[in-house]
Amino acid sequence: MAAFAANSLLCRVALRDGHVDPASFGVIRVTAGALVLAVALRLRSRPAATPDWRAAVMLFAYVAAFSFAYLTLSAGTGALILFGAVQLTMFAVGLAGGERFAPAGWAGLALAAAGLVVLVLPGVAAPPLAGAALMAVAGAAWGAYSLRGRGVPDPLAATASNFLRALPLALLLGVAFGARAHADAAGIALAIASGALTSGLGYVIWYAALRGLSALQAASVQLSVPVIAACGGTLWLDEPFTPRLAVAVVAILGGIALVLTDRARKRG
């Protein structure tokens with residue numbers, strides 16, 4: 001979750017300060033992720049994973065929509081739409097598959113969701129339609145990508161394969177928006193860090209973690225990302241740590257603790 005939050009911070013800094021355009025950020029991010037994972041896979045000397053083009057397309061859709069959405073959305077509004085879409089996607093699939101929480105799990109989910117609302121709602125304004133739609137697409141794509149990773153036997157090989165297959169799509173995006181492309185050294189460095197570290201290696205860890213989580217638990221635990229991002233903004237972007245943020249941190253992390261101690265079960 002810390003890697004996901006770092007992606008938001010890196011993208012926010014890069015686009016907010018005009019260091020790079022969103023298409024170039026996405027291209028560099030996917031390219032850096034593909035390269036570092038290819039090297040890691042080669043050093044490990046194991047075969048590549050079976051291609052999963054659906055996962056690759058979902059990965060690309062998330063990266064592209066996420067980058068462009070933050071051109072017009074505030075951080076609070078973007079987080080609310082993104083993780084709302086993730087929750088809806090993963091919960092719909094989990095419930096359709098018969099997964100259920102015990103009462104303590106549902107209580108934890110409600111507490112975490114309430115904390116998220118406390119965190120973002122006071123700063124939410126009516127969002128631009130295009131930006132809101134793009135962030136909803138990003139959330140749905142990330143939810144679908146996460147679900148594709150449940151049960152993969154080799155998280156490193158699967159993630160490397162997904163990045164490699166998303167790369168041609170990212171390059172096409174860069175060509176399509178080539179006339180608007182710009183990037184300084186800081187923008188390139190931020191995009192590389194996002195792709196190689198917090199995306200590439202971070203997503204390997206996420207795929208590994210998914211093997212021990214139900215769809216409902218995997219959806220719920222991601223509610224921690226806005227909290228981590230907000231705390232990171234306080235530490236590194238000089239954003240204030242307000243009483244509202246403190247209440248949200250306690251509620252969301254406490255709710256997630258309840259969710260993770262509950263064993264999501266199949267309906268009999």
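Values in this document were obtained by computation on a predicted structure and should not be read as measured data.
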Hydrophobic cluster membership, I28 vs L59, 4.5 Å side-chain cutoff |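 No, separate clusters.
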
Compare every heavy atom of V27 with every heavy atom of A170, then report the nearest pair and how far apart it is.
->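 Smallest heavy-atom distance, with atoms named: O-CG2, 3.0 Å.
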
Which distance, rounded to the nearest 0.5 Å, do you find between the OG1 of T31 and the CG of L171?
->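 So the OG1 of T31 and the CG of L171 are separated by 5.5 Å.
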
Are V20 and L190 close enough that some pair of their side-chain heavy atoms sits under 4.5 Å apart?
-> no

hydrophobic_cluster_shared for V137 and V57, side chain cutoff 4.5 Å | no

Is L197 linked to F25 within one hydrophobic cluster, defined over Ile, Leu, Val, Met, Phe, Trp and Tyr using a side-chain heavy-atom separation of less than 4.5 Å?
->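 Shared cluster, yes.
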
Determine, stepwise, if the pair L169 / L173 fulfils side chain to side chain contact (heavy atoms under 4.5 Å, CB included).
-> CA-CA 6 Å; L169 299 174; L173 178 70; over 6 Å; no

Where is the tightest heavy-atom contact between N7 and S194, given as atom of each residue plus distance?
->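 In terms of heavy atoms, the two residues are closest at OD1-OG, 2.6 Å.
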
Which of parallel (below 30°), tilted (30 to 60°) and perpendicular (above 60°) describes F4 and Y203?
-> perpendicular

Okay, side chain of S67, backbone of V63: is any donor-acceptor separation there less than 3.5 Å?
->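 Judged by distance alone, yes, a pair lies under 3.5 Å.
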
Do D21 side-chain atoms and A23 backbone N/O form a donor-acceptor pair below 3.5 Å?
->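 Answer holds: yes.
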
L37, L43, V36, L35 screened by side chain to side chain contact (heavy atoms under 4.5 Å, CB included) with V39, the one that passes =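 Answer after filtering L37, L43, V36, L35: L43.
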
Under the side chain to side chain donor-acceptor pair (under 3.5 Å) criterion, do Y145 and N162 qualify, and how do the steps go?
-> CA-CA 10 Å; Y145 180 79; N162 294 339; 3.2 Å; yes

Any L9 side-chain heavy atom under 4.5 Å of V13 side chain | no

With side chain to side chain contact (heavy atoms under 4.5 Å, CB included) as the test, would you mind laying out the steps for T198 and L10 before giving the verdict?
-> CA-CA 9 Å; T198 57; L10 291 169; 3.8 Å; yes

Going through the checks in order, is the side chain to side chain donor-acceptor pair (under 3.5 Å) test met by D52 and S161?
-> CA-CA 8 Å; D52 185 350; S161 175; over 6 Å; no

Where does the angle between the aromatic ring planes of F66 and Y70 fall among parallel (under 30°), tilted (30 to 60°) and perpendicular (over 60°)?
->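 Plane angle over 60°, so perpendicular.
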
Between atom OG of S24 and atom CG of L15, what is the distance when rounded to the nearest 0.5 Å?
-> 10.0 Å

Please report the shortest heavy-atom distance between G18 and H182, naming the atom on each side.
-> O-NE2, 3.6 Å

Measuring from Y62:OH to S146:OG, what's the distance to the nearest 0.5 Å?
->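 If I round to the nearest 0.5 Å, the distance is 9.5 Å.
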
Steps toward side chain to side chain contact (heavy atoms under 4.5 Å, CB included) verdict (Y207, R148) = CA-CA 9 Å; Y207 261 21; R148 297 291 297 180; 4.2 Å; yes

Are L41 and L167 joined in one hydrophobic group, where the rule is that I, L, V, M, F, W and Y side chains link up if heavy atoms are under 4.5 Å apart?
-> yes

Smallest separation among heavy atoms of L134 and A69, with atom names =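 Distance-wise, the nearest heavy atoms are CB-CB, 3.9 Å.
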
I205 reachable from F163 in the ILVMFWY side-chain graph, under 4.5 Å edges |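 Looking at the clustering, I205 is in a separate group from F163.
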
